[in-house]
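To start, the structure under review is shown below, and the notes come after it.
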Number of protein chains: 2
Amino acid sequence: MPNNQFKRGELYSFITGKASTAIARRLQKKFNTAALNLTIEQWSVLYHLWKQDGISQQELCNATFRDKPSITRLVDNLEKLDLVKRIASKEDRRINMIFLTPRAQQLQDQSMGLATETLNEALKTVPEEQIEICKSVLQIVYDNLK
Amino acid sequence: MPNNQFKRGELYSFITGKASTAIARRLQKKFNTAALNLTIEQWSVLYHLWKQDGISQQELCNATFRDKPSITRLVDNLEKLDLVKRIASKEDRRINMIFLTPRAQQLQDQSMGLATETLNEALKTVPEEQIEICKSVLQIVYDNLK
DNA sequence: GGCATATAGTTAGTTAAGCAACTATTCAAA
DNA sequence: TTTGAATAGTTGCTTAACTAACTATATGCC
């Protein structure tokens, strides 16, 4: 396998993910400006609960690509913020089912709007077909390493 | 601005950067397996010092897209590992110039080889021209938000 | 039934990021 | 020349990530 396939700067950008970092920072700023009092990581958990409420912590791990301790603490903090509740499953008492509170349900439209707005700003000058190619490359990268 | 330009899954991947996260995790595992005792973040600082030794902490902030406290603490930890030294500038005593130790100079070839190897694994099934398009899109995203 | 194994989640310890507030030094303008 | 602003770096606080070790529950095999 050739060791000189990448020029240095390219290598660095791919590994450090400065584009996605920039997107996350911009979205966090919008959250702060809107006084949402929500981190991007917390939002990423709510994101999956808005799709499907009442899933287990393990399912949140899979959905958000995080390990179990990370989800434990994110759920801890979301509980403190009165955004989710842990409810023990009756069929399997090892499992916590995570449910949105009414407070969290209210955040969906506003925060998803800000996320869409951020992506529109990030991609406003990029042709649609290049976005598709970029997405597919990133998906392949993820699949290759998973 | 249209609020429905992105499907949900696409939005999420762009914001959370799961591809670059996967690359960083894979590289970290290679570092650990090779007993390099180095975090990806520490490596990213050394990366710029290998290009140019003896730059200031502020220049490291710009190069690595980190804020000043982050660099302060990364340099703290790199000093503890005997990988860099802070040397106060004689022209401007506010400035710390950061210099690689011989120990850090020895890490360059091995760690850069592992980084290249990781990218080759990540991108092995992706045509060259799609990699170029992906890179350019990510650069535009960064520029749009900077 | 009982024991080994797997699974769900938690806790502890280290590293790192972001923000705000702070010190020290330099520079520039009155 | 002194005073105010800008710059370089540090510290404290909170949130989050990863690893390893842990508890509790469930499952499956004998």
Side-chain angles (χ1 to χ4, degrees), chain A residues 16-18 20-33 35-45 55-81 83-84 86-98, chain B residues 16-18 20-33 35-45 55-81 83-84 86-98:
Chain A
T16 57
K18 66 178 184 175
S20 59
T21 305
I23 292 174
R25 285 180 187 164
R26 172 67 62 98
L27 179 55
Q28 182 70 67
K29 283 215 173 102
K30 287 181 191 287
F31 282 1
N32 296 347
T33 301
L36 281 187
N37 189 27
L38 198 63
T39 68
I40 298 304
E41 294 82 5
Q42 291 164 357
W43 173 82
S44 79
V45 172
I55 62 181
S56 71
Q57 292 188 199
Q58 183 57 55
E59 287 169 312
L60 283 173
C61 292
N62 301 337
T64 64
F65 322 115
R66 289 185 172 86
D67 62 4
K68 288 197 280 192
S70 297
I71 289 297
T72 292
R73 272 141 187 161
L74 279 171
V75 172
D76 285 349
N77 286 334
L78 287 167
E79 267 195 323
K80 283 182 203 154
L81 291 168
L83 293 173
V84 305
R86 285 178 168 98
I87 297 187
S89 164
K90 282 175 181 167
E91 294 93 54
D92 185 338
R93 292 169 56 206
R94 293 172 302 183
I95 295 177
N96 289 335
M97 309 295 276
I98 311 300
Chain B
T16 58
K18 66 177 181 174
S20 60
T21 304
I23 293 174
R25 283 180 189 165
R26 172 68 61 99
L27 180 55
Q28 182 71 67
K29 282 216 174 104
K30 286 181 190 287
F31 282 0
N32 296 347
T33 300
L36 281 187
N37 191 26
L38 199 62
T39 68
I40 299 303
E41 294 82 4
Q42 291 164 355
W43 173 82
S44 79
V45 171
I55 61 180
S56 70
Q57 293 189 200
Q58 183 57 55
E59 286 168 313
L60 283 173
C61 291
N62 301 338
T64 64
F65 321 114
R66 290 184 170 87
D67 64 3
K68 288 197 282 190
S70 296
I71 290 297
T72 291
R73 275 142 188 162
L74 278 171
V75 171
D76 285 348
N77 286 335
L78 287 167
E79 266 195 325
K80 282 182 205 154
L81 292 168
L83 293 173
V84 305
R86 285 177 167 99
I87 298 189
S89 164
K90 283 176 180 167
E91 295 92 55
D92 185 338
R93 292 169 55 204
R94 293 172 302 184
I95 296 177
N96 288 335
M97 309 296 276
I98 310 300

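Given the structure is predicted, the values throughout are model-derived calculations rather than measurements. Residue numbering restarts at 1 for every chain, and letters A, B, ... go by the order of the sequence lines. Values below: every heavy atom of this structure, side chains too, minus hydrogens, waters and symmetry copies.
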Applying side-chain hydrogen bond (donor to acceptor under 3.5 Å, both in side chains) to R86(B) and not counting sequence neighbours gives Q57(B), D76(B), E79(B)
Correct closest heavy-atom pair for S44(A) and T64(A) would be O-CG2, 3.9 Å
Whole-Å distance, N32(A) CG to dT15(D) C1', equals 13 Å
Those residues at least two apart in sequence (or on a different chain) that pass side-chain hydrogen bond (donor to acceptor under 3.5 Å, both in side chains) with D92(A) are R94(A)
Reading nucleotides 7-17 of chain C from 5' to 3' and marking B where a protein heavy atom lies under 4.0 Å of the base, S where only the sugar-phosphate is that close, and - otherwise, the string is BBBBBBB-SSS
L38(A) atom CG is separated from dA16(D) atom C1', nearest whole Å, by 14 Å
Here the distance between atom C1' of dG18(C) and atom CZ of F65(B), to the nearest Å, is 17 Å
With sequence neighbours left out, the residues meeting side-chain hydrogen bond (donor to acceptor under 3.5 Å, both in side chains) with N32(B) are Q28(B)
Atom CZ of R93(B) and atom C1' of dT23(C) are separated, to the nearest Å, by 13 Å
Atom CD1 of I55(B) and atom P of dA8(D) are separated, to the nearest Å, by 13 Å
By side-chain hydrogen bond (donor to acceptor under 3.5 Å, both in side chains), T72(A) pairs with (sequence neighbours left out) none
Applying salt bridge (Lys or Arg N to Asp or Glu O under 4.0 Å) to E59(B) and not counting sequence neighbours gives none
To the nearest angstrom, the CG-P distance between L78(A) and dT15(D) comes to 11 Å
